[in-house]
Amino acid sequence: MKASDLFVRCLEEEGVEYVFGVPGEENLDLIESLRGSRIQLVVTRHEQHAAFMAATYGRLTGRAGVCLSTLGPGATNLLTGIAYAQLGGMPLLAITGQKAIRDNRQGKFQLIDVVDTFRPVTKWNSSLTDSGVIPRSIRHAFKVAEAERPGAVHLELPEDIASEAIEPARPQKRVTLRRPNADEQALDVAARMIRDAEQPVIIYSAGANRKRITEQLTRLCEELALYAIGTQMGKGVVPDDHPQSLFGMGIHKHDYVHTAIDEADLVITLGYDVVEYPPSVWNEGKDKTILHIDFVPADPDEYYSPAHEVIGDISNTLKALGQRLDGVRFDNPRMTRLHDYVAEQLHVSASEYSYPPRPQRVVQQVRSVMGRHDIISLDNGIYKIWFARMYPAYSNNTVLLDNALASMGAGLAAAMSAKMVHPDRRVMAICGDGGFMMNSQDMETAVRLGLDLVVLLLRDNGFGFIRWKQAGDGFADFGMTFGNPDFVDYARAYGATGLRHSEDNTLSDVLEHAFEIGGVVLVDCPIDYQANAALNDIHAVPDAILDGEGG
């Protein structure tokens, strides 16, 4: 058999459904082996987009997504997507081609040390210089990528290794490993800390954005009358219409929900990593007692120094704590009034009509056309903060955003993967014009794949987030403006449908019509960002409200 055939059989053994990537000279043997495989090769128009898609597949399934490129520029184009997976805790296997090891006739053409280049942004990476190690290397790669905390791994496959004839060999069997449970004494200490507290509060994060954790956490909150707050990447773990939800942290400043942390004498974190939300925001005084519950130990940080850590399967930890805390409750009318006040400020009050719409109204209009389990995918821009802050999420992994690497250009790719994983759900990519144009060419890929997908394009003809920061720092408005194509015609050029939100229609009607049309539909929507100035304010809940004196 050929070594590349063995490589693909190993991928099949791992249950790989898709390989996202761009072909090149040095991976042609692997492409040919994929041709006869049950694995679908998804050819994208840029390697970065392929890596974003693979990372999101890994995020949604828990199984490593796979992306592919050739050497040199193809490999370096993957790098941003690999970092996206690594920082965001998404399992991913990147495969790159390379020149022949034994008989390289092209000298240094396109030749860089890809393994060393990728080393800082991967959990493990290696070059396959011997076809005999293919089965164990691929098994090891998937095992490492999917182990807690998940992340990116990389294998380089030189073209002479890929093409060589080898004795028939078998893949190593995929083995599903159970996560270890937490130590019993560690659980006892955690239970005692919670029992002795006057007002604990929970912060759940990306590492806790799993279905089983949703079930156990919701039960624990109900039994103990605990309130829980999500980070941006944790949104949906506790449904935002649950009475114990205190919604999400939308911005790296003191917001309404942070009042609950101000009130707390114990902060219980679930799956928290300092990369996605700075603890300095909610522990500015470095005086909070923190109980860290996660699959892995905490990374030390000046503002995040847990008093105790419970390491093991989070859902089983929550179940064990519930058993140890039977009969304990933290009913507190101040927290109940806090919940009601924040819900009114962020979710209940209707935003007034204007054209172009303000971000608050865009959030409400999008929410009105999406079901409880439908998925929005946010690119990176100032609108992301408004959605993280105000968009009610009702199910885990239904709000896809990245607040770890926070790369522009990932929103469309994440939405495409979400639709492939969940074809029965509505999926909407929400992108600014700056981020969208970084990978907009892959609309052609979405059309070619026959995806039903709506892209809401929020157009302000500039880098809105950086403009907001620029103004907040007292600098003049400079360097933030650019031109745009006619996005309706642009969509049509790729074989998609283009629609436009205007003064003559409501955004929700346009979005509903887009879903009814089917296929890939882009909705061009201008946006008024004057409301961004309010994000600089300190949003605290007055004591009078908490004491029940606020009406």
Side-chain angles (χ1 to χ4, degrees), residues 20 22 42-46 48-50 52-53 56 355-357 359 362-363 365-366 368-370 374-381 383-384 387 400 407-420 422-423 425-464 481-528:
F20 306 94
V22 178
V42 177
V43 176
T44 62
R45 306 305 299 272
H46 195 284
Q48 183 187 100
H49 191 92
F52 286 149
M53 289 191 73
T56 304
Y355 184 84
V362 171
V363 171
Q365 296 280 285
V366 169
S368 71
V369 302
M370 304 299 281
D374 292 339
I375 298 171
I376 63 170
S377 167
L378 295 155
D379 207 285
N380 275 281
Y383 52 88
K384 183 182 78 170
F387 274 89
L400 303 181
S407 171
M408 297 172 71
L412 175 62
M416 289 168 62
S417 282
K419 189 63 183 180
M420 295 170 75
H422 296 293
R425 303 189 196 182
R426 283 186 171 184
V427 176
M428 184 188 302
I430 302 168
C431 306
D433 43 4
F436 176 73
M437 289 301 289
M438 291 187 176
N439 280 313
S440 63
Q441 70 280 348
D442 269 286
M443 279 188 65
E444 186 278 324
T445 306
V447 171
R448 180 170 16 100
L449 293 173
L451 300 180
D452 285 325
L453 183 71
V454 171
V455 180
L456 174 58
L457 193 288
L458 301 176
R459 172 172 49 83
D460 70 330
N461 303 309
F463 295 114
T481 302
F482 48 71
N484 276 312
D486 182 315
F487 283 111
V488 171
D489 287 343
Y490 188 76
R492 292 170 181 166
Y494 284 116
T497 301
L499 301 176
R500 203 182 314 274
H501 172 42
S502 67
E503 291 184 89
D504 300 327
N505 50 46
T506 63
L507 180 58
S508 59
D509 288 342
V510 179
L511 294 173
E512 186 64 40
H513 180 51
F515 280 114
E516 291 170 356
I517 291 173
V520 179
V521 183
L522 182 145
V523 175
D524 176 25
C525 176
I527 188 165
D528 177 2

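Being a predicted model, the structure only gives us computed values, none of them experimental.
Pairing each heavy atom of A429 with each of G411, the nearest pair is CB-O, 3.9 Å. Closest non-hydrogen pair, R500 versus N505, comes out as O-ND2, 3.5 Å. Between V488 and D486, the shortest heavy-atom contact is N-OD1, 3.0 Å. V427 and A415 get closest at one heavy-atom pair: CG1-O, 3.5 Å.
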Full working for side-chain contact (heavy atoms from CB on, under 4.5 Å) between F436 and L522
CA-CA 11 Å; F436 176 73; L522 182 145; 3.6 Å; yes

Check against side-chain contact (heavy atoms from CB on, under 4.5 Å), L412 and L453:
CA-CA 9 Å; L412 175 62; L453 183 71; 4.0 Å; yes

Could you please spell out the steps behind the ring-ring contact (aromatic ring centres under 6.0 Å, His included) verdict for F20 and F52?
CA-CA 9 Å; F20 306 94; F52 286 149; over 10 Å; no

Let's go through F515 and V521 carefully: what are the C-alpha distance in whole Å and the side-chain angles of both, what is the deciding distance for side-chain contact (heavy atoms from CB on, under 4.5 Å) to 0.1 Å, and is it a yes or a no?
CA-CA 8 Å; F515 280 114; V521 183; over 6 Å; no

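Once rounded to the nearest 0.5 Å, the distance linking OG of S440 with NE2 of H46 reads 11.0 Å. Separating the CG atom in L456 from the CG atom in L378 is a distance of 9.5 Å, to the nearest 0.5 Å. The CG atom of L507 lies 9.5 Å from the CD1 atom of I527; values are rounded to the nearest 0.5 Å. With rounding to the nearest 0.5 Å, the separation of CZ in R448 from OH in Y494 is 11.5 Å. Distance CE/M370 to OG/S508: 13.0 Å, rounded to 0.5 Å. From D489, atom CG reaches atom CZ of R492 across 6.0 Å, with rounding to the nearest 0.5 Å.
In this structure, the side chain of T481 does not engage the main chain of G462 through any donor-acceptor pair within 3.5 Å. Using modelled atom types, one side-chain atom of D379 and one backbone atom of G409 make a donor-acceptor pair closer than 3.5 Å. In this structure, S417 contributes its side chain and A414 its backbone to no donor-acceptor pair below 3.5 Å. When atom types are taken as modelled, the side chain of Y383 and the backbone of G432 share a donor-acceptor pair closer than 3.5 angstrom.
In this structure, P485 and M437 have side chains that are in contact, with non-hydrogen atoms separated by less than 4.5 Å. Within the 4.5 Å cutoff, no side-chain heavy atoms of D442 are placed close to those of M53. Side-chain contact between M408 and F463 is present, with at least one heavy-atom pair separated by less than 4.5 Å. The side-chain heavy atoms of L451 and M416, taken from C-beta on, include a pair separated by under 4.5 Å. The shortest distance between side-chain heavy atoms of H501 and Y355 falls below 4.5 Å. The closest side-chain heavy-atom distance from V366 to F387 is below 4.5 Å. In this structure, the side chains of C525 and L458 come closer than 4.5 Å at one or more pairs of heavy atoms.
I430 pairs in a side chain to side chain contact (heavy atoms under 4.5 Å, CB included) with only one of the listed residues (V523, V454, I376, L457), which is I376. Of the candidates I375, D452, L449, K419 forms a side chain to side chain contact (heavy atoms under 4.5 Å, CB included) with just one, namely D452.
With sequence neighbours excluded, the residues that form a side-chain hydrogen bond (donor to acceptor under 3.5 Å, both in side chains) with D433 are N484. For the side-chain hydrogen bond (donor to acceptor under 3.5 Å, both in side chains) test, residues two or more places apart in sequence or in another chain that qualify with E512 are R426.
The 12-atom threshold is not exceeded at NE2 of H513, counting heavy atoms of other residues, nucleotides or ligands nearer than 6.0 Å.
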